[in-house]
Amino acid sequence: MAETPPPERDDTPTAGPADAQAGPFPESRAGAPADLPAGDGTGPRPGRGRRRTGTSADALPDVEGEDGEAGPAWRRIAAARWGETPLAAAVGAVVLVLAAALTLFQLYIALRAGFDARQQRLIHLMFIMVLVFLVKPPLKGSAGRSVPALVLDLALIAGTVAVSFYPMVFQAELASRAGAYTDTDWIMGLAAMLLLLEATRRTVGMVMVVMVAVFVFYAWIGPLVPGQFGHSGATIQRIATHSYLGDGIYGMTLGVVVTFVFVFILFGALLSKTGGGSFFVGLAYVLTGRMVGGPAKGAVLGSALMGSVSGSAIANVVSTGPFTIPLMKKVGYRKHDAAGVEAAASTGGQILPPIMGAGAFIMAERTGIPYADIVKVAIIPALMYFGVMFLFVDILARKYGIGLAKDSDLPSLGTVMKAGWHFLAPLVLLVVLLLQYVPPTRAGLYACGALLVVAMLRAGSRLSPRDFLEVFVLAANSTLSVSVACAVAGIIVGMVGLTGLGLVFSDVLVTAFAGSLLLTLLMVALASLVMGIGLPVTASYVVLAVLAVPALEELGLAVIVAHMIVYWYSQDSNVTPPVAFAAFAAAGIANASPMRSGLSAWKFAKGLYLIPVLMAYSALMAVEGPVSNLVVAVLSGCIALAVAAMALEGHFLRRTLLGERLALTLAATLVMIAPEWSALTGAVLSVSVDPDWFVLAGSVLGVVLIALQVVNHRRDKARGAVPAPDAPGGGGAPEAEPVPGGGGAEGSAGRAGAPASG
């Protein structure tokens with residue numbers, strides 16, 4: 001989602017000698033209360049916002065990031081808009097009532113389905129927009145808290161209620177005069193569009209508003225557009241009624257949020273409030289923390305686990321980042337690399353089942369493919385993405401000689417499992433139900449119920465009545481940008497359908513590149529990058545899907561492969577400069593340069609660009625096909641991704657020479673685009689070569705190059721001539737924040753033994 005990136009800041013507390021060795025987990029703080037800030041200046045604050053229960057749950061890291069002294073969530077949200085004033089207290093109460101009403105309404109329609117689909121969407125969006133106008137200011141600073149701003153917001157709220165109830169009150173009359181709407185109908189439609197655009201400006205950003213305006217303008221001036229893109233045009237009246245009463249604002253895109261997504265957002269809020277997020281992060285560090293580059297690998301795994309159930313990269317960064325980023329910095333990772341690892345891992349959470357973000361549910365609805373089948377084909381590419389990230393952070397640790405974490409900084413498996421093993425049951429239940437083709441909404445409800453049962457059985461995760469209310473508010477607040485983005489994207493989808501732009505764009509893509517799949521993929525990736533500058537992930541996917549998927553299908557890709565490629569490319573707005581929302585959020589936590597963090601995240605997230613190529617050219621997603629083809633695609637794809645990472649980083653166990661990097665690049669491209677090599681040899685040499693031979697050649701070359709790295713590294717170790725770790729800028733120790741009591745690269749290596757590259 002397009003959120004304003006937090007500014008760089010330096011709010012690290014000053015360390016005192018008494019607590020310089022404090023570890024990030026409560027159990028590791030010798031004699032210090034677990035709810036005090038870590039004193040080393042880089043460690044997370046384990047007790048922040050968590051009430052102490054006197055149970056094993058107190059040993060888990062706190063990744064909720066809430067301040068227990070700041071009051072309940074609804075007051076904090078209202079105070080962020082209105083300040084610490086009596087008005088903020090009143091608005092907070094209204095926010096609580098609306099959030100509870102929205103959650104109860106969503107649960108009612110999920111359980112009873114008492115309203116038709118259009119009424120569900122009307123009521124849902126009404127709640128969402130009223131909340132937006134209450135908690136999102138029209139202007140920055142004091143102007144957004146002024147009396148005129150309050151009057152404006154009240155007027156916008158009244159307008160929202162009016163345009164929401166109009167189609168419900170006059171439903172029969174509107175149905176009887178469909179296609180012959182009155183002036184009142186289209187004026188109400190125009191008002192609904194303007195209100196939604198204002199809500200979009202506040203929650204998503206101005207770029208999205210401009211993009212919608214461009215599509216509407218294109219629909220209006222169709223006869224004046226030359227060439228293939230010209231069309232008969234549409235009047236303002238038709239545009240307004242089509243967007244308001246047809247397949248626009250309240251169309252299928254918003255319907256997916258109402259029907260499926262909200263239940264899983266509620267599940268994520270419950271998991272966070274009961275402490276499940278802390279358990280998964282702790283478990284990740286148990287499994288990876290003692291490896292080379294362990295804290296970074298723990299961040300990758302922890303963010304993957306959290307992101308797979310939260311569905312939001314930025315929300316994942318701000319929840320897990322305050323814990324994972326300081327640990328990475330503490331062992332010697334450069335601060336912008338720590339931010340980049342967290343951002344790339346959090347982004348990957350949106351492509352990892354069982355919950356893959358709103359876009360995956362939209363994909364299921366648009367294609368008619370069961371969500372369970374989408375999960376099945378998505379799991380292998382997602383695991384490959386995180387495998388590449390693991391390799392990147394491992395290479396980085398060896399390249400810069402980053403040491404291992406101290407045992408006192410990491411929990412034990414027994415401690416973590418004792419505190420949170422019960423959180424595994426709802427997640428396992430959710431996966432089983434989805435794979436058994438239980439409808440996603442029902443599966444999500446069962447998972448929420450199971451989570452409540454297991455949480456209430458243990459004191460460490462039990463919810464109080466206030467906690468339940470906070471869950472409602474957190475779920476509603478997390479839904480604001482998703483619902484608004486999907487609703488406004490519906491206008492774009494409506495304009496594409498009204499003008500026939502999708503078919504024309506697809507025809508131009510196929511014709512312009514003479515049927516070249518590789519060039520079309522590059523164009524789709526570039527279009528995704530441009531759209532990602534101002535659009536959140538879900539909106540970017542929706543727009544690209546209606547424009548680019550037909551072209552990819554025409555080039556021979558299966559519908560699910562085409563949609564999945566577009567879905568993967570649409571994730572890049574979180575990690576690709578000049579606008580990298582998740583990376584900017586992580587940079588604020590790491591006190592790093594936003595642009596350097598974005599570049600680092602872009603490097604670590606290379607799988608977002610490379611794996612879709614494998615999807616297009618291999619049997620990576622053919623889970624229903626011959627097992628041998630899938631195995632070959634996975635093994636050769638893993639080799640290609642590994643050598644691509646080595647080529648990009650210029651290092652593995654030792655530094656790669658220029659010739660090695662070129663050979664590594666060749667090996668990767670031979671595997672990834674084997675059919676293109678086959679076509680090239682046929683065109684140039686008039687020789688027909690099966691693409692499988694190029695896959696085999698690239699795989700063998702990649703394995704040989706990796707083996708040479710291993711052999712040469714062992715030879716260097718035997719001779720006692722292991723090259724010194726690379727240093728940023730050409731020499732010396734890696735850039736790291738100084739940590740009292742032995743932090744940073746040298747300190748971490750000294751307290752953990754030999755550097756990781758040895």
Side-chain angles (χ1 to χ4, degrees), residues 94-95 97-134 151-200 202-203 212 216 234-259 261-262 476 479-480 482-491 493-495 497-498:
V94 175
V95 167
V97 171
L98 290 173
L102 172 62
T103 304
L104 294 175
F105 170 73
Q106 289 289 153
L107 291 175
Y108 174 77
I109 62 176
L111 293 169
R112 297 288 302 275
F115 293 87
D116 66 35
R118 190 167 190 83
Q119 289 177 336
Q120 293 175 15
R121 299 166 192 177
L122 283 162
I123 295 174
H124 173 91
L125 190 59
M126 179 183 70
F127 278 124
I128 292 295
M129 289 177 62
V130 170
L131 283 169
V132 167
F133 294 136
L134 281 175
V151 173
L152 172 64
D153 288 339
L154 291 176
L156 294 175
I157 290 171
T160 298
V161 174
V163 299
S164 300
F165 275 103
Y166 182 78
M168 289 189 286
V169 174
F170 298 100
Q171 182 176 10
E173 291 87 338
L174 290 171
S176 66
R177 59 174 181 260
Y181 296 114
T182 64
D183 288 344
T184 303
D185 297 338
W186 75 262
I187 290 173
M188 293 295 285
L190 186 60
M193 292 176 66
L194 294 175
L195 288 165
L196 180 58
L197 289 176
E198 171 59 13
T200 302
R202 298 190 188 192
T203 56
V212 173
V216 171
T235 63
I236 294 296
Q237 291 86 340
R238 188 181 180 196
I239 291 172
T241 53
H242 184 78
S243 299
Y244 180 51
L245 301 173
D247 187 18
I249 296 173
Y250 303 104
M252 181 270 296
T253 307
L254 177 62
V256 171
V257 180
V258 179
T259 307
V261 176
F262 186 88
T479 312
L480 296 184
V482 178
S483 295
V484 170
C486 287
V488 80
I491 298 179
V493 173
M495 295 305 100
L498 195 61

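Each residue takes its place number in the sequence, starting with 1.
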* Taking side chain as C-beta onward, heavy atoms only, is Q171 less than 4.5 Å from Q119? -> yes

* Once you round to the nearest 0.5 Å, how far does CZ of F262 lie from OG1 of T479? -> 4.5 Å

* Are the side chains of V216 and M193 in touch, meaning some heavy atoms are under 4.5 Å apart? -> yes

* To do: Supply the atom-to-atom distance E173 CD to T182 OG1, rounded to the nearest 0.5 angstrom.
  => 10.5 Å

* Any side-chain heavy atom of I491 within less than 4.5 Å of one from L196? -> yes

* Euclidean distance, T160 OG1 relative to I128 CD1, rounded to 0.5 Å -> 11.5 Å

* Reported NE2-to-CG distance for the pair H242 and L498, which is rounded to 0.5 angstrom -> 5.0 Å

* To do: Any chance you could lay out the side-chain contact (heavy atoms from CB on, under 4.5 Å) test for V212 and T200, step after step, and finish with the verdict?
  => CA-CA 10 Å; V212 173; T200 302; over 6 Å; no

* Side chains of L98 and L134: does their closest heavy-atom pair fall under 4.5 Å? -> yes

* Taking the inter-plane angle between the rings of F105 and F127 on a 0 to 90° scale, is it parallel (under 30°), tilted (30 to 60°) or perpendicular (over 60°)? -> tilted

* Might you point out which heavy atoms bring L131 and A476 nearest each other, and give the distance in Å? => CD1-CB, 4.2 Å

* Asked: Can you tell me how far the CD1 atom of I236 sits from the CD1 atom of I187, to the nearest 0.5 Å?
  -> 12.5 Å

* **Side-chain donor or acceptor of Y244 paired with backbone N/O of D185 under 3.5 Å** => no

* Structure fact -> Between V257 and S483 the two heavy atoms that sit nearest each other are CG1-OG, 3.4 Å

* Are side-chain heavy atoms of C486 and V256 found at a separation under 4.5 Å? -> no

* Check: R238 main-chain N/O paired with T241 side-chain donor or acceptor under 3.5 Å -> yes

* Is a donor on one side and an acceptor on the other found under 3.5 Å between the side chain of Q106 and the backbone of V258? -> yes

* Close side-chain approach of M495 and S243, heavy atoms under 4.5 Å -> yes

* To do: Taking the side chain as every heavy atom from C-beta outward, state whether L156 and R202 have any atom pair closer than 4.5 Å.
  => yes

* To do: Please report the closest heavy-atom contact between M126 and S164, naming both atoms and the distance.
  => CB-OG, 3.3 Å

* Asked: Can you find a heavy atom in the side chain of V163 that is under 4.5 Å from one in the side chain of L195?
  -> yes

* Can you tell me how far the CD atom of Q120 sits from the CD1 atom of I109, to the nearest 0.5 Å? -> 4.0 Å

